[in-house]
Every structure is written in C-alpha cells, then in structure tokens.
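The structure appears right after this line, and notes come after that.
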Amino acid sequence: GWAVESAPPGRATQQRSDKSVRPHRVRCRNMAREDRLHFPASDRNHAVLKALAGGLVVALLAPQLYRAEPELFGPVHILLALAVLVVAPLAVALAATPDASGRHPWLYRLAIWVGPIAGASTAASFLFPAGRMAALLAAPWGLFAALTAAFGVLRFYRRRGARLQLAELCIDIGLVYLLLAARWLLLSRAGFQSPRVPQLIVALTAVHFHYTFFTATLLTGLLGKHLA
C-alpha cells in the first residue's frame, strides 16, 4: 500500500495559526493605507502650518483682545479667537475624506479656502465692541460653518451601507455642530442679550459650543476611528 506521511502536530498547528494571522495582517495594512489616503502628508503639513500661523496671530492679538472690552470678555474673546484661527481649521482638516484618486469633495475644498479668511475676519471683530461692525466682520464665520456642516452631511450621505459607524458618525455630527457654534458667536458679536441671558453668557455659550460640542465630538470620532 501507499504510505501517507502526516505532518507533526506542532507544525500543523503553526500552519493553521499562520493562516489565521495572515488575513489580520492584510486588514491592518489596508486600514493603515486607508488612513494615509484620508489624511496624506501634504494635507497634514498644510493644516499644521495654518494652525501655527493662527496661533501666532492669537499670541500677537492677545494683549489687545484682553483690553478691548471690560470684565471677562477679554479672556473669552481670546478663547474664541483661538477656536476660529487654530482649533476649527485644524479639526476640519482632520476630517478630510478624499476619494481613491486623492480628490476632495468641492464642499471641503471651498470650506478650506474660506476658513482662513473667515477666521481672520472673525478675530478682527473682537477688536471692536459688540454691535453692527463686529457682527459684519464675524459674518464670514457663519459661511465657513455652513460649508463645514454641509460637508458633514455629505460625508454621511456618501458612506452608503456604513452610515451608522459610530466613529464616522461622531465626526459627521461634530462638523454639523460648528454651525450651532457659529450661531452663538454671531449673536455674541451682534451684542445680543436678554433679561435672562446676559451678553457674557452668550459669549461663553459660543466658547462652549466651539470646544465641547464641535471639537470634542469630532476628536472623539477621530480617536475611535484610530483605535478601531
């Protein structure tokens, strides 16, 4: 008869373990490649340079912003200037979702183009007392926030079959939250107040929405995406 030579038990176990590990390694390589596609080095460098430039502008304007208005408005306006010049543009850049050819949606490209102009104009609005002039200077921030929110809705729509992925959904919701944050910032710059809501509370609400709702939600999604 024919003699059948079987592999030793240890070698067979090792072969099975190699076959089970190999697909996991392939998935890890695919995920790493996808992360590089979503945020290539050139975009990352541009985002970091813009954030550094915005931080430098905030540092130069901080003394004037601190003395521009009485009470606590100075520190609050410094936080808002940091949000519009550094935090928001960098967060939106991190949410980039280019296609396989590396091309970004036109809403994202338009938002990235409008962002620095809107941030600079809004930061200049803090040098004026709350009122018509300050509201006009802050108006471009509303446009940037609307484009960012529309980009968040577009991200959700384009993710067919995977719209309820928790990490990506947090990024989408965070992008939409920027529109609510901009609403409170515009109300603050217009000098809105009521007997129950003082003007300082309106400005603090704008800070709250920019950092807690927009930034924290978006970063939570990015962290979940990285750890997945």
Side-chain angles (χ1 to χ4, degrees), residues 46-95 108 110-152 174-219:
H46 290 161
V48 170
L49 288 176
K50 289 179 182 179
L52 291 175
L56 179 61
V57 172
V58 173
L60 294 175
L61 290 179
Q64 288 78 12
L65 295 177
Y66 193 85
R67 295 192 300 264
E69 296 189 27
E71 300 178 359
L72 295 175
F73 280 101
V76 170
H77 288 173
I78 292 175
L79 288 174
L80 287 174
L82 188 66
V84 301
L85 288 173
V86 180
V87 178
L90 186 58
V92 173
L94 289 171
Y108 174 84
L110 187 57
I112 291 297
W113 185 81
V114 171
I117 301 173
S121 179
T122 305
S125 74
F126 298 123
L127 299 175
F128 297 85
R132 182 177 299 178
M133 185 63 185
L136 288 174
L137 288 172
W141 190 249
L143 174 61
F144 171 71
L147 292 171
T148 301
F151 171 61
L175 293 171
V176 174
Y177 271 144
L178 184 61
L179 186 59
L180 300 178
R183 172 180 176 268
W184 284 101
L185 191 150
L186 291 174
L187 288 175
S188 171
R189 292 289 71 216
F192 172 82
Q193 61 181 346
S194 68
R196 294 186 178 182
V197 184
Q199 191 174 347
L200 180 59
I201 297 300
V202 177
L204 288 172
T205 305
V207 173
H208 175 67
F209 268 85
H210 275 87
Y211 285 94
T212 306
F213 280 76
F214 164 66
T215 306
T217 305
L218 195 148
L219 290 181

* Locate the shortest heavy-atom distance separating Tyr211 from Val87; write the atom from each residue and the value. => CE2-CG2, 3.9 Å
* Looking only at non-hydrogen atoms, find the nearest pair between Ile112 and Lys50 and report the distance. => CG2-NZ, 3.4 Å
* Calculate, to the nearest 0.5 Å, the distance between atoms CG and CG belonging to Leu52 and Leu85 respectively. => 12.5 Å
* Over all heavy atoms of both residues, which pair between Ala51 and Leu90 is shortest? Give the atoms and the distance, please. => CB-CD2, 4.3 Å
* Might you point out which heavy atoms bring Phe214 and Ala88 nearest each other, and give the distance in Å? => CE2-CA, 3.6 Å
* **Residue list, side chain to side chain contact (heavy atoms under 4.5 Å, CB included) with Val202, at least two apart or on another chain** => Trp184, Leu187, Ser188, Phe192, Val197
* Under the side chain to side chain contact (heavy atoms under 4.5 Å, CB included) rule, collect the residues that match up with Thr148, sequence neighbours excluded. => Val92, Ala111, Phe144, Leu175, Leu178
* side chain to side chain contact (heavy atoms under 4.5 Å, CB included) partners for Phe213, two or more places apart -> Tyr177, His208, Phe209
* Please report the shortest heavy-atom distance between Ala203 and Val76, naming the atom on each side. => CB-CG1, 3.7 Å
* Asked: How long is the gap from CG on Leu179 to CG on Leu147, to the nearest 0.5 Å?
  -> 10.0 Å
* Asked: Ala138: what forms a side chain to side chain contact (heavy atoms under 4.5 Å, CB included) with it, not counting sequence neighbours?
  -> Thr122, Ser125, Leu185, Leu186, Arg189
* Asked: Atom NE2 in His210, atom CG in Leu180: separation rounded to 0.5 Å?
  -> 10.5 Å
* When rounded to the nearest 0.5 angstrom, what is the spacing between CD1 in Ile201 and CD in Gln193? -> 11.5 Å
* Asked: Between atom CG of Leu204 and atom CG of Leu79, what is the distance when rounded to the nearest 0.5 Å?
  -> 9.0 Å
* To do: Give, for atom CG of Leu65 and atom CG of Leu80, the distance between the pair rounded to the nearest 0.5 Å.
  => 10.0 Å
* At their closest point, which heavy atom of Pro129 faces which heavy atom of Ala134, and how far apart are they? -> O-CB, 3.5 Å
